[in-house]
Every structure is written in C-alpha cells, then in structure tokens.
2 protein chains.
Amino acid sequence: MTDVISNDPTDTATLPPGDVPELVLIELLFFAYRDFVSDPDALLAQYDFGRAHHRVLHFVSRHPGLRVADLLDILRITKQSLGRVLKQLIDAGFVDQRPGPKDRRQRLLYVTETGAALAHRLIEMQSRRIRAALAAVPPERRAGAEEFLRGIIDGGERAKVARLIES
Amino acid sequence: MTDVISNDPTDTATLPPGDVPELVLIELLFFAYRDFVSDPDALLAQYDFGRAHHRVLHFVSRHPGLRVADLLDILRITKQSLGRVLKQLIDAGFVDQRPGPKDRRQRLLYVTETGAALAHRLIEMQSRRIRAALAAVPPERRAGAEEFLRGIIDGGERAKVARLIES
DNA sequence: GAAAATATGTCAACATGACTGACGTAATTT
DNA sequence: AAATTACGTCAGTCATGTTGACATATTTTC
C-alpha cells in the first residue's frame, strides 16, 4: 500500500475538508464505529453470535424484564429479525423469558448468569476503548463528546434515548 | 466485576451508568450511528443502492483515483463483497475506472458527474445533522467530539485515518 | 530473460441479518 | 361479546458479508 491519495487533477473536483468542515466528523464517525464494534465481533464469533446478538444481549442485560416490543423499538428492526436472534440466545441459555406478572401476554426478557457474564465482558471491552479515548481528551472538553453524540440522535428520539440510558 | 445479575425476575438491579460511566457513551454511539446513517439510507434506496454503495461512492468521491486495494483497506471488507457493489455502481454510471497510468494493473476509481452529484447530496444530508449537533455543544467543548472519535479508532490505524481525512 | 510478486477479477458456495405481509393465539381492555 | 394488544410464526426475498481457489495481466527481482 503506497499512497491512498490521488494526484490526478483531471477528474471531478473533490470536496476537501477545507470546503466542508463537517467531512472530518462524518468520516470519523465511520472509522470510529468500524473499530468500536470490532472487539465485540471477535469475541461473539466464538459463540457463533453476531452483532445482532450483541445488541439484544446488551439491552436485555441493562434492562432486565424488557418486553419484546421495547426491544423492537430500541433496535429498529422487525419482529421477525429479532425473533430469530432472540430464539438463538434463549436456546443457547444466554437469555430467559417469563410471562409478565401483571399482563401474561408479555414475555419479559432476562439474561441468565451466563448471559450476564458475556454481556459484562462485552461492556468491559468497549469501556476500555472509551476510557482510552477519553483519556486523550482534555478534561474540560470531555463533555463535548457526549453532547455531540446526543445531538446526532433524531430530535424526536432524544428524550426517549436519554431516559433509557439514564435508567 | 462485583455485580452479578441474577435470574430472579424481581431483581432489576444490573449495571447502571452510575457504576460504569462509559455505558453512556457506549449506548450513545449505538443510537447516534443508527440515526446518522438513516437519512442516506432513505435517499440511496431510491437508486436501489444500500449502505455499502454509500461508502464506496463516498471514498471514491473524496479521493479520485483511489485503487481497489485502498478501498478494501478502508472498508475492511473482502474483494468479493466490494466487487459486487463496485460493479453495480459502474454499471449504473456512478463510478468510472481507468487503468493506472504508471502501473497498468491498477484500476483507478473515479466518480462520474452523476456519482459526484449523489455523493454531494449525501454529504450535505450528513453535514446538516453534524452542524445541528455541534450547534448544541458549547464552542469551547466542540473539539472534544473530534478528539474522542479519533481516540476510538484503533491505535495502529489512527495515523493512516488522519492522513486520509486531512487530504 | 525467467521467475516471483503484485493488482485485480472471478467463480462457487455459503451465512447473517435485514425485509414484507399475512395469519394465529392468548390475554386484556372496552 | 368485541376489539385491541403482545407476541409468535410461516414463507419468501434481499443485501451484504464470508472463504478459498483460480485466472490474467503486469511489474519487479534475480
């Protein structure tokens, strides 16, 4: 791999970050997310799980007793997509479901001890990366990262996400 | 890890953000990325393109004359996956390829005018979201977002990504 | 000049995770 | 009793990723 950058000026003019300053953050979001999910992916592969299993396991672990409908709203996928992944997690003994005590139509979701252990390992991997990244940001600017990410979320979703994260 | 999540549905205590402060950023990255790609997805669907086409189009637009190998390194996908998407972009007239002038084994990639127009519209959509998010961050903390995201990228990749973004 | 390495393309076969749309069942609410 | 809700399921499709092997042209190295 020599030089990723072209020196051919004969083609369509490109938009350098000088012209569109937001390009830097657009591309950083891509690269950051690419690497952010890479450690979990590697661990999950050992269990024959993928990114979808990670998301389900994470949110069930964080919110025991979560309903299927809640999970669908969080993940923005269809019932059918969730159903498959959830079934695999239940069959493999990482997630458990019980009828709701008040409304017995509901299937409330819980992680098992095995599931909790894996969820914690995944959180630990990503926490380490987050801590390392924050360590390189001057303390007075650290809040900027969180504020920026909250602003990227759809306006209509922001309050709901905030509630979910805080609880 | 002192906390153990029990199987008991009545025990809702898990790992709250209070115990693992990085959880907030872990979850914000998920939600922010989920919404960040949502507008492009909607526009691309009109052309029967997906997220993979977006990424190829974006980086070819930003770096005219990019080689296939460079793109593989940026996107971290296999030649076969890229090949399919690239072929569709070329057939649809959004991307053009020419043999390298020095090394004729290379197929240097360029966007056509049509491709550039679409790439610019996609950048514009995401720029708008970025600008809105930054507007809500106090100016003295804005740099924190960029610094944090750079820190999330794999240490070994950071210099290469920085060069790619700046050029 | 021959051999090796490189850049790219291509084939077959497959896995994952997403989709739509329709329908079923049990439980709760009106 | 009827309507609504929560959830599951069936059947089919699509997009995007994977591995591994092999082909071709070209450039580099000995």
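The figures here come from the full heavy-atom set of this structure, side chains too, leaving out hydrogens, waters and symmetry mates. In what follows, chains carry the letters A, B, and so on, assigned in the order in which the sequence lines appear, proteins first and then strands, with residues in each chain numbered from 1.
If you look at A:Phe31 and A:Phe36, their ring centroids are not closer than 6.0 Å. In this structure, B:Phe49 has its ring center under 6.0 Å from that of B:Phe94.
Spacing between atom CD1 of B:Ile77 and atom C1' of D:dA15 amounts to 12 Å, rounded to whole angstrom units. Distance NZ (B:Lys79) to P (D:dT24): 14 Å, rounded to an integer number of Å. When the C1' atom of D:dA15 is taken as reference, atom CG of B:Leu75 falls 15 Å away, rounded to whole Å. At whole-Å resolution of the value, CZ in B:Arg84 and P in C:dA12 are 13 Å apart. Protein atom NZ of A:Lys102 is 16 Å distant from nucleotide atom P of D:dC7, rounded to whole Å. Rounded to an integer number of Å, the gap from A:Gln80 CD to D:dC14 C1' is 15 Å. Atom CG in A:Leu108 sits about 15 Å away from atom C1' in D:dG8, given to the nearest Å. Distance, B:Arg67 CZ to D:dT26 P: 17 Å, rounded to whole Å.
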Walk me through it: do B:Leu134 and B:Arg131 pass the test side-chain contact (heavy atoms from CB on, under 4.5 Å)? CA-CA 5 Å; B:Leu134 283 178; B:Arg131 279 194 301 272; 5.8 Å; no

Derivation and outcome, salt bridge (charged side-chain N to carboxylate O under 4.0 Å, His left out), residues A:Arg141 and B:Glu147: CA-CA 9 Å; A:Arg141 290 205 286 272; B:Glu147 290 163 340; 2.7 Å; yes

Criterion salt bridge (charged side-chain N to carboxylate O under 4.0 Å, His left out) on B:Lys160 and B:Asp73, from CA distance to verdict: CA-CA 10 Å; B:Lys160 195 199 296 174; B:Asp73 185 53; 2.8 Å; yes

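Close to C:dC19, at under 4.0 Å from its OP1 or OP2, lies a side-chain N or O of A:Ser81. Using a 4.0 Å cut-off, some side-chain N or O of A:Thr78 falls inside it from OP1 or OP2 of C:dC19.
Residue contacts shown for A:Lys87 are absent, as no nucleic acid heavy atom lies under 4.0 Å away. Note on B:Gln97: only backbone sugar-phosphate atoms sit closer than 4.0 angstrom, heavy atoms only; bases stay farther off.
Taking every heavy atom of residues 35-53 of chain B and every atom of DNA chain D, pairs under 4.0 Å involve B:Gly50, B:Arg51, B:Ala52, B:His53, by number.
Checked against D:dT26, D:dA6, D:dT18, the side chain of B:Arg104 finds its nearest nucleotide in D:dT26. In the set C:dA5, C:dG17, D:dC7, D:dC7 carries the atom at the smallest distance from any side-chain atom of A:Val68.
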Scan the side chains in residues 151-158 of chain A for donor-acceptor partners under 3.5 Å anywhere in the protein, sequence neighbours excluded, and list what turns up.
| unit_1 | atom_1 | unit_2 | atom_2 | d |
| --- | --- | --- | --- | --- |
| A:Asp154 | OD1 | B:Arg129 | NH1 | 2.8 |
| A:Asp154 | OD1 | B:Arg129 | NH2 | 2.8 |
| A:Glu157 | OE1 | A:Arg76 | NH2 | 2.7 |
| A:Glu157 | OE2 | A:Arg76 | NH2 | 2.9 |
| A:Arg158 | NE | A:Arg150 | O | 3.1 |
| A:Arg158 | NE | A:Ile153 | O | 3.1 |
| A:Arg158 | NH2 | A:Gly151 | O | 3.3 |
| A:Arg158 | NH2 | A:Ile153 | O | 2.9 |

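If you find the closest nucleotide of DNA chain C to A:Arg76 and to A:Pro101, the one lying nearer the 5' end belongs to A:Arg76. If you find the closest nucleotide of DNA chain C to A:Asp103 and to B:Arg107, the one lying nearer the 5' end belongs to B:Arg107.
Partner of B:Phe30 under the side chain to side chain contact (heavy atoms under 4.5 Å, CB included) criterion, chosen from A:Arg55, A:His58, A:Gln126: A:Arg55.
No N or O donor and acceptor, one from the side chain of A:Arg105 and one from the base of C:dT28, sit under 3.5 Å apart.
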